[in-house]
Amino acid sequence: MHQKSLTELRAALDSKDISAVELAQSYLQRIEAAKALNAFISVDRDITLEQAKAADALIAQGRAGALTGLPIAHKDVFVTRGFASTAGSHMLENYTSPFDATVVDRLKAAGMVTLGKTNMDEFAMGSSNENSYFGAVKNPWDLKAVPGGSSGGSAAAVAARLAPAATGTDTGGSIRQPASFTGITGIKPTYGRVSRYGMIAFASSLDQAGPMAQTAADCALLLNAMGGFDERDSTSLQRDNEDYTRYLGKNWSDDDASKPLKGLRIGMPKEYFGAGLADDVRAAIDAALKQYEALGATLVEVTLPKTELSIPVYYIIAPAEASSNLSRFDGVRYGHRAAQYKDLLDMYKKSRAEGFGPEVKRRILVGTYVLSHGYYDAYYLQAQKIRRIIARDFQEAFKQCDVIMGPVAPSVAWNLGEKTDDPVQMYLADIYTLSVSLAGLPGMSVPCGFGAGAHANRPVGLQIVGNYFNEARMLQVADAFQRATDWHRKAPSASMSGE
Ligand code: GLN
């Protein structure tokens with residue numbers, strides 16, 4: 001049962017092969033058995049089963065929607081009633097929210113059953129899930145490997161089949177990269193598509209929530225429920241939500257039924273295939289592109305000349321915004337308060353010193369520095385200018401193609417501990433995802449193969465980038481690949497998933 005996609009589980013619920021309560025129980029059992037992965041921060045059987053019972057009642061009354069009774073896990077960056085909402089930080093270890101984030105609220109309203117809250121890098125800062133106060137998450141494909149970050153708990157949970165779907169957030173790659181490292185499908189929508197209300201903020205101009213699941217079709221279903229305007233988020237797009245499933249299974253253009261993607265132009269940015277890309281990843285991406293050609297698409301080379309600059313630009317803008325967003329955690333308004341202090345200033349200092357981990361502190365330092373009077377023009381303003389150029393370069397590229405494809409990351413998942421002593425090495429691994437976030441474009445990761453040699457068991461993700469608001473078409477393109485291949489069906493061996 002646990003190998004099934006949401007769509008398949010829907011059929012099982014509708015045909016009464018299984019009840020929502022039984023389904024929730026079986027996933028809770030798997031979560032319990034797979035504790036070694038450390039994918040979850042909190043689980044609450046009672047809350048989950050209560051939601052499942054309510055879903056069963058709706059199903060019995062014939063009032064089930066597409067998602068009613070299907071389980072989902074939420075990244076711990078979304079505030080939730082009932083479960084603690086920690087953002088992977090000691091600072092919020094005991095924080096319980098009086099309200100649900102819009103994303104959680106909407107998925108609940110659609111009848112989904114919350115399985116628990118997933119582990120993540122502290123305040124979503126990281127690319128390996130080793131920055132969590134609650135400990136690193138392990139990659140279910142290889143327990144020595146990182147699952148990617150910052151939505152590593154969500155990714156590991158879906159990959160190990162501890163949940164059929166999960167939410168994630170992506171500020172600079174945190175849905176796409178862990179999806180790639182764990183062999184699942186994830187999409188970061190256009191900035192502003194999905195409400196940020198109740199998402200604990202990291203970098204507000206970049207943060208965007210999205211679904212993570214086994215298939216593109218499942219992601220489309222989830223996005224249908226998650227997306228759309230929210231008046232409580234001032235950067236939410238004032239656009240009607242769409243039916244993201246509407247192109248699934250259709251031909252790209254109407255004329256030739258023999259090749260589903262005939263007429264699709266795929267842009268390959270030459271900067272994404274240069275030095276620095278591991279051979280095994282390149283081979284898997286090349287094979288995926290060949291598959292796309294077989295489906296009728298044509299490949300065109302495009303250029304994104306400022307790709308390399310996305311790293312310094314992102315690592316100025318994101319910390320700048322983080323330093324401002326995280327100022328609220330002062331031991332008074334939110335968060336941990338030091339037990340002993342001399343005066344008010346000392347209380348702030350000690351609370352923050354104790355509450356935040358090293359990577360978060362590093363970002364606050366960098367962010368405060370680049371925003372300070374003497375350096376604002378030299379760093380922050382320059383970074384903002386290059387951000388515009390990066391966005392413009394994508395628009396140039398989209399004159400020649402409908403979607404852009406390339407790797408999500410330059411390598412497969414690395415070993416736990418391999419990059420923890422060298423933050424810059426960690427930042428460099430974000431090279432292919434950051435610019436998409438800086439431009440606010442939608443991007444996704446689709447499983448397309450595995451590494452080689454010692455890494456033969458570590459998944460590779462193909463990145464698909466679309467133009468603004470093109471999610472429905474991107475999901476169509478991903479889905480067409482998944483109808484022709486079975487990479488998304490591969491699951492880690494049972495021993496890794498706690499069976
Ligand atoms: N790895 C990037 C960072 O550490 C992106 C994180 C994210 O998307 N939340 O900032």
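By convention here, the first residue in the shown sequence is residue 1. Every value quoted in this text rests on a predicted model; they were computed, and no experiment measured them. Remember, it's 1-based here, ligands and their atoms both numbered in the order they're listed.
- Ring to ring, Phe181 and Trp141 are not that close: their centroids are 6.0 angstrom or more apart.
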Contacts table for residues 308-317: side-chain donor-acceptor under 3.5 angstrom, sequence neighbours left out:
residue: Ser310; atom: OG; partner: Thr307; partner atom: O; Å: 2.6
residue: Tyr315; atom: OH; partner: Asp430; partner atom: OD2; Å: 2.5

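- You'll find the ring centres of Tyr197 and Phe99 inside the 6.0 Å limit.
- Looking at Thr303 and Glu271, their side chains do bring a donor and an acceptor atom within 3.5 Å of each other.
- No hydrogens or angles considered: a donor-acceptor pair under 3.5 Å links the side chains of Arg473 and Gln476.
- No cation-pi contact links Arg193 to Phe469, judged by a cut-off of 6.0 Å to the six-membered ring centre and 45° from its axis.
- Using a 4.0 Å heavy-atom criterion, the residues that approach ligand 1 are Ala124, Met125, Gly126, Ser127, Ser150, Asp170, Thr171, Gly172, Gly173, Ser174, Phe202, Tyr314, Tyr315, Arg363, Asp430.
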